[in-house]
Protein chains: 2
Amino acid sequence: MITPQLRGEPVMRTLSDQLYLDDLHVGQRFTSEAHTVDEAQIREFAVQFDPQPFHTDTQAAERTFFNGLAASGWHTAAITMRLNVESGPPIAGGIVGAGAELSWPTPTRPGDVLHVESEVLEITPSRSRPDRGTIVLVSRTINQRGDVVQILKARLIVPRRNRSAFSAATTSAARITPSAERVQ
Amino acid sequence: MITPQLRGEPVMRTLSDQLYLDDLHVGQRFTSEAHTVDEAQIREFAVQFDPQPFHTDTQAAERTFFNGLAASGWHTAAITMRLNVESGPPIAGGIVGAGAELSWPTPTRPGDVLHVESEVLEITPSRSRPDRGTIVLVSRTINQRGDVVQILKARLIVPRRNRSAFSAATTSAARITPSAERVQ
């Protein structure tokens, strides 16, 4: 099992932290905690989901496009999600994506210490569903040298405050991960 | 560890299968093998990378936006990658993405049997690097009911045949996953 080592204690969000569509503004920024990626994590993810030598085999990777072991882009995306869920924008109802654009300008390498810097780019209340809207959140995943390893523009579904069943039904559960489920 | 159950034996690609940029054409299609997603896989991925109740806790998930347990979109993306690496387009040098657009029209649910249907949308030789080019490949991940659970448009880097160091350096290693690394 891959256990992200977050700086300090995992963040336990409380209901009072939660941000509804009405609480967000364009330009609002969030910075996550950091996570150190090691070779074992890169290999373990790749063996499961992206079994190509440049992600699984340090020696073979030297002779590939990547010139050395690199994390799967989907691994970088998954680590980014973990960091955002635990220490990124505390969106009411959780982080629920409808779609995303991704690019990977630089590979993630063993030893990289990644954190995520996010910014709200757009806020769009739904015309047909008054209980919700969407935002576009850009999340840059950045290593210890300041290199951007991933740019993610995600379209997220966000409930409105006090508008209806959406928020009532989701927020009571969505940001509270039962302790038994948490990775320690 | 999550062990995808592919239909039949895992596909071992050989060098003669490999497709270079010169071998591809717009409209070319590829269909992967299938993978069955179960609740344990959904929970295991989510605990590591997307620890939100609608992905980790069947009971709590009933009271959320998803109305029941759903796989993380990043899990669907990772499964899609695995299926494409093992039984999708056999691109020389492997499947190397520079960027992607994703949407998740329908959640992936426990019991879903997913396969991937891909099509080449664009082919663009590099102007500055005669040894390579990019393609846009759309991959639709489809469940047993025919619902599309993910649409991925990926920009992939593809070597040209007999053009230079890129292909020589990468193809000897890239599609051959050492047997010790393979998930059995």
Side-chain angles (χ1 to χ4, degrees), chain A residues 1-4 43-54 56-57 60-67 72-75 77-82 85-86 93-105 132 151 155 157 159 166 169-170 172-178 180-183, chain B residues 1-4 43-54 56-57 60-67 72-75 77-82 85-86 93-105 132 151 155 157 159 166 169-170 172-178 180-183:
Chain A
M1 178 163 302
I2 296 165
T3 306
R43 289 164 45 86
E44 185 175 351
F45 185 95
V47 165
Q48 289 183 62
F49 294 115
D50 193 348
Q52 304 190 92
F54 33 76
T56 61
D57 183 325
E62 300 293 341
R63 302 188 301 275
T64 69
F65 175 80
F66 289 98
N67 297 312
S72 169
W74 303 111
H75 189 190
I79 292 168
T80 299
M81 187 66 185
R82 172 66 182 254
V85 165
E86 294 207 327
I95 298 181
V96 177
E101 287 178 34
L102 280 165
S103 64
W104 296 287
R132 66 187 68 176
I151 302 170
R155 191 159 50 87
I157 300 170
F166 180 103
T170 61
S172 63
R175 298 295 299 190
I176 304 164
T177 305
E181 304 297 343
R182 297 188 75 85
V183 177
Chain B
M1 178 162 302
I2 296 165
T3 306
R43 289 165 45 87
E44 185 174 352
F45 185 96
V47 165
Q48 288 183 64
F49 295 115
D50 193 350
Q52 303 190 92
F54 33 76
T56 60
D57 182 325
E62 300 293 341
R63 302 188 302 275
T64 70
F65 174 80
F66 289 97
N67 297 313
S72 170
W74 303 110
H75 189 190
I79 292 167
T80 299
M81 186 66 184
R82 171 68 182 252
V85 164
E86 294 205 328
I95 298 181
V96 177
E101 286 177 34
L102 280 164
S103 63
W104 296 287
R132 66 187 69 175
I151 302 169
R155 191 159 50 86
I157 299 169
F166 181 104
T170 60
S172 62
R175 299 296 299 191
I176 304 163
T177 304
E181 305 296 345
R182 297 188 75 87
V183 175

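Throughout, a chain's letter reflects where its sequence line sits, starting with A, and its residues are numbered from 1.
Using a 4.5 Å cut-off between heavy atoms, A:Ala78 touches chain B through backbone and side chain atoms alike.
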Full working for side chain to side chain contact (heavy atoms under 4.5 Å, CB included) between A:Phe66 and B:Val96: CA-CA 9 Å; A:Phe66 289 98; B:Val96 177; 3.9 Å; yes
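No side-chain heavy atom of A:Phe45 sits less than 4.5 Å from a side-chain heavy atom of B:Gln48.
In terms of heavy-atom pairs under 4.5 Å with chain A, the best-connected choice from B:Ala100, B:Gly99, B:Pro105 is B:Ala100. Residue with the most contacts toward chain A among B:Gly73, B:Ala98, B:Ala77: B:Ala98 (heavy-atom pairs, distance under 4.5 Å).
Side-chain N or O atoms of B:Gln52 include none that pairs as donor or acceptor with a backbone N or O of A:Val85 at under 3.5 Å.
Ring geometry for B:Phe49 versus A:His75: interplanar angle over 60°, hence perpendicular rather than tilted (30 to 60°).
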